[in-house]
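Convention: sequence-line order gives letters A, B, ...; per-chain numbering from 1.
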Number of protein chains: 2
Amino acid sequence: MKFPSIWLQGASLGEAIASELRLQIISGTIKRGEILSENRIAGEFGTSRSPVREAMKTLSGEGLIQLERMGAVVMGLSLKDVEELYDVRYLIESFVQGHVFMNPQPELIQHLRQIVDRMELAAKHGDPIEFSYQDLTFHERIITEANHKRILHLWKSIRPIVITVMFITTKQVFSGGGTRVRHVMDKHLQLIGEMESLDEARIQTAVQRYFDDSRQTLHLSFPEG
Amino acid sequence: MKFPSIWLQGASLGEAIASELRLQIISGTIKRGEILSENRIAGEFGTSRSPVREAMKTLSGEGLIQLERMGAVVMGLSLKDVEELYDVRYLIESFVQGHVFMNPQPELIQHLRQIVDRMELAAKHGDPIEFSYQDLTFHERIITEANHKRILHLWKSIRPIVITVMFITTKQVFSGGGTRVRHVMDKHLQLIGEMESLDEARIQTAVQRYFDDSRQTLHLSFPEG
DNA sequence: AGATGTATACTTGTATACAAGTTAAAATTC
DNA sequence: GAATTTTAACTTGTATACAAGTATACATCT
């Protein structure tokens, strides 16, 4: 599996290497416990140590590897780890919805519907790359709405992992046929519907239900599941 | 103001520079909007660009600066930003308490009391460096208890900012006399007391009250407040 | 054999060099 | 004087070089 090159537009070598390594770690090609050497990685990618070093620091900041005196040890991302990631995603979105629900913001709802439309289009074209990207955009759009710098930063710190996990699982979902793809889109539409109620309790329940369901999807579409 | 050298034991040049810059940004010596050049910083610290570059990436990961094509722009940390940081701290501790409250864990309570004892000692010696470090340790000990890798990682990502803010505010609190110091310790003791109740609702209320009060303290002891 | 010392091949941390791109000011042209 | 081009001084991204420390395997000694 290779990281979508479209997502590397204008990226530095360091970012590209980080993305590639991230995908390999999450997909399990590089296994937990393995030890990464800057020299070796640089050799494999045909670059110097500089961009590799940058990539290592990035991945360390995401918790995928741990920098030590002698080599970087791969922490990996088990199914349980992804569930923990979903815990954080739930915390973020729950918090955000709690801060946004009172603002009707018709623009937000409209924009979210537009994004789901793009997902439908991507589904029709059988394009999991575009589909997962729109999925990410959907959630990012909601989070942005809160105007909360620290929460947004928190999101940005897990964003690369989230998009990578989405990419992997979405490919799996696509290979599973149209009904599962349809289900993913419906989930988003349901969430939008509840957001329109402007009833915080209902919205919170909807968010919770959304992530509960996502965990289910996860078990069906993540390598380890 | 200088960053406590005790906290830099075994740190690389990159980490030391990051810590020093972080303190200057948070304390306002380096102001929001200012543009940092790797070359200039390297010159000021008498090092090469390599460790500076590492420090810049660290600070960028913490949201204190933003890396751009031409220089890194300082985002700073306003009073509002610190309040947002407390939002996240509250989210973390609330989540963690929700996962830990059922486990009696006498060791945890015992350890927390021990930490408060150390705070008392530091207070007696008029040592804000040790005091703020124990304050940090107190919260870290609670968070560790949840055994939740992603949440722990989230904590670690804001940890350097938290300790720096604590260092600044604690120095201010110390200069304000004994009653304010006493108040901080009492807050921690109250939280421990409620944790012993094993009643989740009471614990959640206590956590909320703790951070509400911290915000008050913040307004009295943060430069901008 | 077992313990100890040593050589060697790794590792990261830091310094330096160079290329490519951006900004801003100065010089030139109209 | 104003607009435009050119130039010069910056910036980061990447490559390379060197220093210092660590683990491992091997040799030596008891």
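- For residues 1-15 of chain A, the salt bridge (charged side-chain N to carboxylate O under 4.0 Å, His left out) pairs, not counting sequence neighbours, are A:Lys2-A:Glu20.
- Checked against ring-ring contact (aromatic ring centres under 6.0 Å, His included), A:Phe174 has the following partners two or more places apart in sequence or in another chain: A:Phe131.
- At whole-Å resolution of the value, CG in A:Leu67 and P in D:dT22 are 16 Å apart.
- By the salt bridge (Lys or Arg N to Asp or Glu O under 4.0 Å) test, B:Arg32 pairs with no residue at all, sequence neighbours left out.
- Every salt bridge (Lys or Arg N to Asp or Glu O under 4.0 Å) that A:Glu62 has, sequence neighbours left out, goes to A:Arg22.
- Counting only residues at least two apart or in different chains, salt bridge (charged side-chain N to carboxylate O under 4.0 Å, His left out) contacts with residues 144-153 of chain A comprise A:Arg141-A:Glu145, A:Lys149-B:Asp81.
- Within the structure, every pair that satisfies the salt bridge (charged side-chain N to carboxylate O under 4.0 Å, His left out) test and touches residues 119-129 of chain A, not counting sequence neighbours, is listed here: A:Glu120-A:Arg182.
- The C1' atoms of five pairs define one axis at each end of the helix from C:dA1-D:dT30 to C:dC30-D:dG1, and these two axes lie 10° apart (to 10°).
- Remark: A:Ser50 is not in phosphate contact with D:dT14, judged by side-chain N or O atoms under 4.0 Å from OP1 or OP2.
- A salt bridge is defined here as a Lys NZ or Arg NE, NH1 or NH2 lying under 4.0 Å from an Asp or Glu carboxylate O, and B:Asp87 with B:Arg215 meets this definition.
- Counting only residues at least two apart or on different chains, the salt bridge (charged side-chain N to carboxylate O under 4.0 Å, His left out) pairs with a member in residues 157-169 of chain A are A:Glu140-A:Arg159.
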Atom pairs, N/O to N/O, protein against nucleotides 6-13 of chain D, distance under 3.5 Å?
unit_1, atom_1, unit_2, atom_2, d
D:dT11, OP1, B:Ser37, OG, 2.7
D:dT11, O3', B:Gly71, N, 3.4
D:dT12, OP2, B:Glu38, N, 3.4
D:dG13, OP2, B:Arg53, NH1, 2.9
D:dG13, OP2, B:Arg53, NH2, 2.6
D:dG13, N7, B:Arg49, NH2, 2.9
D:dG13, O6, B:Arg49, NH1, 2.8

